[in-house]
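In what follows, every heavy atom counts, from backbone to side chain, and hydrogens, waters and symmetry copies are set aside. Counting begins at 1 with the first residue of the sequence.
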Amino acid sequence: MARAPRAAAPARACGRLLVRLVLLLLLTAAVLLAPVPRLTPTATSVPTAPVPAPAPAVPAVGRAWPVGVRPPILRGWEPPATTYGRGHRGVDLAAPAGTPVRAVAAGRISFAGRVAGKGAVSVELPGAGDPPLRTTYEPVRAVVKKGDEVEAGEVVGTVEATGSHCTETCVHWGLRRDDTYLDPLSLLPPWLLRRGPSRLLPVLGVPLPS
């Protein structure tokens with residue numbers, strides 16, 4: 001009867017070892033099954049450049065081309081990569097000297113005069129956002145003055161024979177919101193952009209001119 005405690009000792013040792021193995025397996029499984037933590041922006045050491053806010057949308061408030069019905073576009077809008085970078089801050093429209101220049105949309109004349117020897121007219125468009133949009137036309141001999149109210153299609157001047165940066169006579173048409181240059185063509189609705197030059201159609205009973 002004195003040998004019973006000695007026989008129970010190995011059994012207790014085996015039980016403790018088995019418990020430890022089970023605990024070790026559970027701990028290992030918990031580590032392996034734990035989700036991998038995601039890196040947050042604060043955990044990275046590489047700074048990211050701020051994303052610039054998109055420019056406000058331009059409402060299609062235009063109701064007329066500056067010159068003609070659908071004038072040839074000699075050069076389109078090419079926004080510069082930086083504020084002072086190279087680019088084309090407007091659209092060049094072919095137009096002979098003396099061609100009437102019309103306001104694309106209703107607004108108020110904010111400038112009419114000469115800049116660097118070239119005639120220029122600027123029209124502020126109310127109700128087109130804050131700050132308001134402003135269209136510019138040059139080289140133009142103005143027939144309006146600062147403060148005048150104009151309607152869409154109203155003549156604001158005529159194309160000057162000199163002062164153009166095109167290889168042929170043209171009007172440089174620009175659009176700005178504060179100091180940001182925008183595409184002037186975005187002022188025109190699709191129906192006006194697609195409309196071609198008007199054509200004379202024959203009338204029944206009336207002979208065509210020979």
Closest contact, heavy atoms only, Asp130 versus Arg177: N-NH1, 3.8 Å
Side chain to side chain contact (heavy atoms under 4.5 Å, CB included) assessment of Trp65 paired with Val104: CA-CA 6 Å; Trp65 283 89; Val104 172; over 6 Å; no
Residue pair Leu125 / Pro132, side-chain heavy-atom distance below 4.5 Å: no
Under 3.5 Å: donor-acceptor pair, side chain of Asp183, backbone of Leu185: yes
4.5 Å side-chain heavy-atom contact, Val91 and Ile73: yes
Inter-residue atom distance Cys166.SG - Leu74.CG, 0.5 Å rounding: 5.0 Å
Over 12 foreign heavy atoms within 6.0 Å of CD, Glu149: yes
Thr99 side chain reached by Thr158 side chain, heavy atoms, under 4.5 Å: no
Derivation and outcome, side chain to side chain contact (heavy atoms under 4.5 Å, CB included), residues Val155 and Val101: CA-CA 6 Å; Val155 175; Val101 179; 6.0 Å; no
Parallel, tilted or perpendicular: ring planes of Trp173 versus Tyr137, cut at 30 and 60 degrees: parallel
Ala64 versus Leu192, closest heavy-atom pair with distance: N-CD2, 3.5 Å
Leu175 side, atom CG; Ser186 side, atom OG - distance, nearest 0.5 Å: 5.5 Å
pair Cys170-Leu93: side-chain heavy atoms closer than 4.5 Å: no
Thr169 and Pro96, any side-chain heavy atoms less than 4.5 Å apart: no
Hydrophobic cluster membership, Val144 vs Val115, 4.5 Å side-chain cutoff: no
Transitive ILVMFWY side-chain link Val150 to Val61, under 4.5 Å: yes
Within one Ile-Leu-Val-Met-Phe-Trp-Tyr cluster: Phe111 and Val159, side-chain cutoff 4.5 Å: no
Main-chain N/O of Leu193 paired with Arg70 side-chain donor or acceptor, under 3.5 Å: yes
Verdict with reasoning, Arg102 to Glu154, per side chain to side chain contact (heavy atoms under 4.5 Å, CB included): CA-CA 5 Å; Arg102 305 178 185 276; Glu154 185 174 342; over 6 Å; no
Contact summary for Pro71 and Ala94, nearest pair of heavy atoms: CB-O, 3.9 Å
Heavy-atom pair of closest approach, residues His172 and Arg89: NE2-O, 3.5 Å
Sequence neighbours excluded - salt bridge (Lys or Arg N to Asp or Glu O under 4.0 Å) pairs with any residue from residues 110-123: Arg114-Glu160, Lys118-Glu138
Distance (rounded to the nearest 0.5 Å) between Leu182 CG and Leu187 CG: 8.5 Å
Euclidean distance, Tyr181 OH relative to Glu78 CD, rounded to 0.5 Å: 14.5 Å
Heavy-atom pair of closest approach, residues Ala95 and Val171: CB-CG2, 4.4 Å
Residue pair Ser164 / Glu168: nearest heavy atoms and the distance that separates them: OG-O, 3.7 Å
Qualifying residue for salt bridge (charged side-chain N to carboxylate O under 4.0 Å, His left out) with Glu124, from Arg108, Arg176, Lys146: Arg108
